[in-house]
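Read through the structure below, which is laid out as structure tokens, and then see the notes.
Not measured: the values here are computed from a predicted model. Naming convention: chains lettered A, B, ... in sequence-line order (proteins, then strands); numbering from 1 in each chain.
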2 protein chains.
Amino acid sequence: MSKPPLPHSEKTRAALIAAGLHLFSQLGYAGASTRAIAGRAETNVASIAYHFGSKEGLRTACAEEVARLIGEAVGQAGPQPVGPSQARAAIKSTLTRVAGFLLGDVAPPDAIGFMLRELSEGGPAADLVYARMIEPTHQRLCVLWAVATGLAEESEQVRLAVFALMGQLFYFRIAERIVRRRMRWQAYGPGEISKIIDTLTRGIESALAGG
Amino acid sequence: MSKPPLPHSEKTRAALIAAGLHLFSQLGYAGASTRAIAGRAETNVASIAYHFGSKEGLRTACAEEVARLIGEAVGQAGPQPVGPSQARAAIKSTLTRVAGFLLGDVAPPDAIGFMLRELSEGGPAADLVYARMIEPTHQRLCVLWAVATGLAEESEQVRLAVFALMGQLFYFRIAERIVRRRMRWQAYGPGEISKIIDTLTRGIESALAGG
DNA sequence: AACAATTCTTCAAACGACTGTTTGAAAAGC
DNA sequence: GCTTTTCAAACAGTCGTTTGAAGAATTGTT
């Protein structure tokens, strides 16, 4: 697992992407200046144009990095469920996995922040995130939800219920500041995350039992 | 209901706030230039400094306008519920009211967009929105939820459940683009909104019945 | 192994365009 | 005649990008 010694140019590339993820997510695309990014990466402004062609090119490179992380974290699908109880278990494990990615430290916080900002700005990474994370996860959960409830997989009811489910998870990340303030939590630690997952799991069980 | 004829200076003020709400919500604070805002308001750039002192002053004025709209839409609390079934009904009506505000055309879309962006950027309007909308609504729903379930009002379980509930609503707005794409909806019309409310209502009923 | 030729990478400096803000004069309202 | 409001123009500063030279790394030839 020892990382091969990167050529110095690759170090600069990686540092620029890391700085881009951080500052884009903190200040937005327009708010993060190339000089600030280069400064955080401890290199010259011109390096951005050299390595990525332009600021927009760096944005795309950041998006690809995030897409790569998403692929690692939520890519592999589980086995096809054969019955409602298996489907129920699969829903919970998918939820836990996505929660770990969105709320925990599976992925660098800057990467999640960048992703959410691109989604809300409709930036070029939005399509990538949609295609690689949202759409597949949603589709898979729809299948599981349909098996667990007996409803039709492509019915509006199922698709909306799954959105409501995923929405809770996204919200706990998007509104982290608000939640932490109201809950008087200093951070999302493992304990807090499992409390959130418990809450969501309770909701799922009720929904599956009742509907 | 006829609006008193505004002095011309008030028209400029209002036009600048409207343009600010629109462009801040579309491009973010940093991305919206004073010239673009003045152009959309069909006035001169210097008007911003004249009426609001600075660009930041316009941002604050926009925040106050949004706070005013929120106060109108979700301000008045209903009567104190005396039993679980009344609490249940009150939860649903609160949900419907907030849904109308967040998803429908009760408030100008630009105002909602501005609000969400300020929340995610942690801008100066974030505290205002939190204090006037999130905190009171959350607190009220916690009371109702506690009455409906018999749980303690200030328990973590109740507060998290209410966050999960509100989160679904916020998410359907934040991720409108994504939802519309996956649902193949062209817009959030009255029909679509009531389908969303139905989904959330079903979830609430299950949760209250099961938990 | 040693040296020169060549490519790849970094850098300070400068480019024009655009940023938020200020100015003083013209226009409008009273 | 006076105050309030608008406007074109200019301000200093920052923006993303380009430039050409200097530095570092690699290659090819001895």
For this session: Report the C-alpha separation of B:Trp185 and A:Glu156 in whole Å, then their side-chain angles, then the decisive distance to 0.1 Å, and conclude whether the side-chain hydrogen bond (donor to acceptor under 3.5 Å, both in side chains) test is met.
Result: CA-CA 11 Å; B:Trp185 288 349; A:Glu156 277 197 329; 3.1 Å; yes
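With respect to A:Lys11 and A:Glu42, no salt bridge is recorded, no charged nitrogen being found less than 4.0 Å from a carboxylate O. Under the 4.0 Å criterion applied to side-chain N and carboxylate O atoms, A:Asp127 and B:Arg181 are assigned as salt-bridge partners.
Rounding to whole angstrom units, CG of residue B:Leu58 and P of C:dT21 are separated by 10 Å. Protein atom NZ of B:Lys11 is 10 Å distant from nucleotide atom P of C:dG29, rounded to whole Å. Atoms CD1 (A:Ile37) and P (D:dG16) sit 7 Å apart, rounded to a whole Å. We find that CD of B:Glu56 is positioned 12 Å from P of C:dG20, with the value rounded to whole Å. Going from atom NZ of B:Lys55 over to atom P of C:dT22 covers 14 Å, rounded to whole Å. The nearest whole Å value for the distance from the CG atom in A:Leu27 to the P atom in D:dC15 is 11 Å. Between A:Arg35 atom CZ and D:dG13 atom P the separation is 14 Å, expressed in whole Å. Atom CZ in B:Phe52 sits roughly 16 Å away from atom C1' in C:dG20 (whole-Å rounding).
OP1 and OP2 of C:dT9 both lie 4.0 Å or more from every side-chain N or O belonging to A:Ser47. Remark: B:His51 is in phosphate contact with D:dT6, judged by side-chain N or O atoms under 4.0 Å from OP1 or OP2.
Listed nucleotides: D:dC7, C:dC11, C:dT21. Nearest to the side chain of B:Val45: C:dT21. The nucleotide whose nearest atom lies closest to any side-chain atom of A:Asn44 is, among D:dT17, C:dT21, C:dA12, C:dA12. Nearest nucleotide to the side chain of A:Thr43, out of C:dT22, C:dA14, C:dC11: C:dC11. If you check C:dG20, C:dT9, D:dC7 against the side chain of A:Tyr50, the one that comes closest is C:dT9. Of the candidate nucleotides D:dT17, C:dT21, C:dT10, C:dT21 has the atom lying nearest to any side-chain atom of B:Thr34.
Across all strands shown, A:Ala32 has heavy atoms under 4.0 Å from sugar-phosphate atoms exclusively, and none from any base. Using a 4.0 Å heavy-atom criterion, one finds that B:Ser33 contacts the sugar-phosphate atoms exclusively.
When all heavy atoms are compared, the tightest approach of A:Lys55 to A:Tyr29 is NZ-O, 2.9 Å.
With respect to B:Val98, the side chain to side chain contact (heavy atoms under 4.5 Å, CB included) criterion is satisfied by exactly one of B:Leu95, B:Thr96, B:Thr94: B:Thr94.
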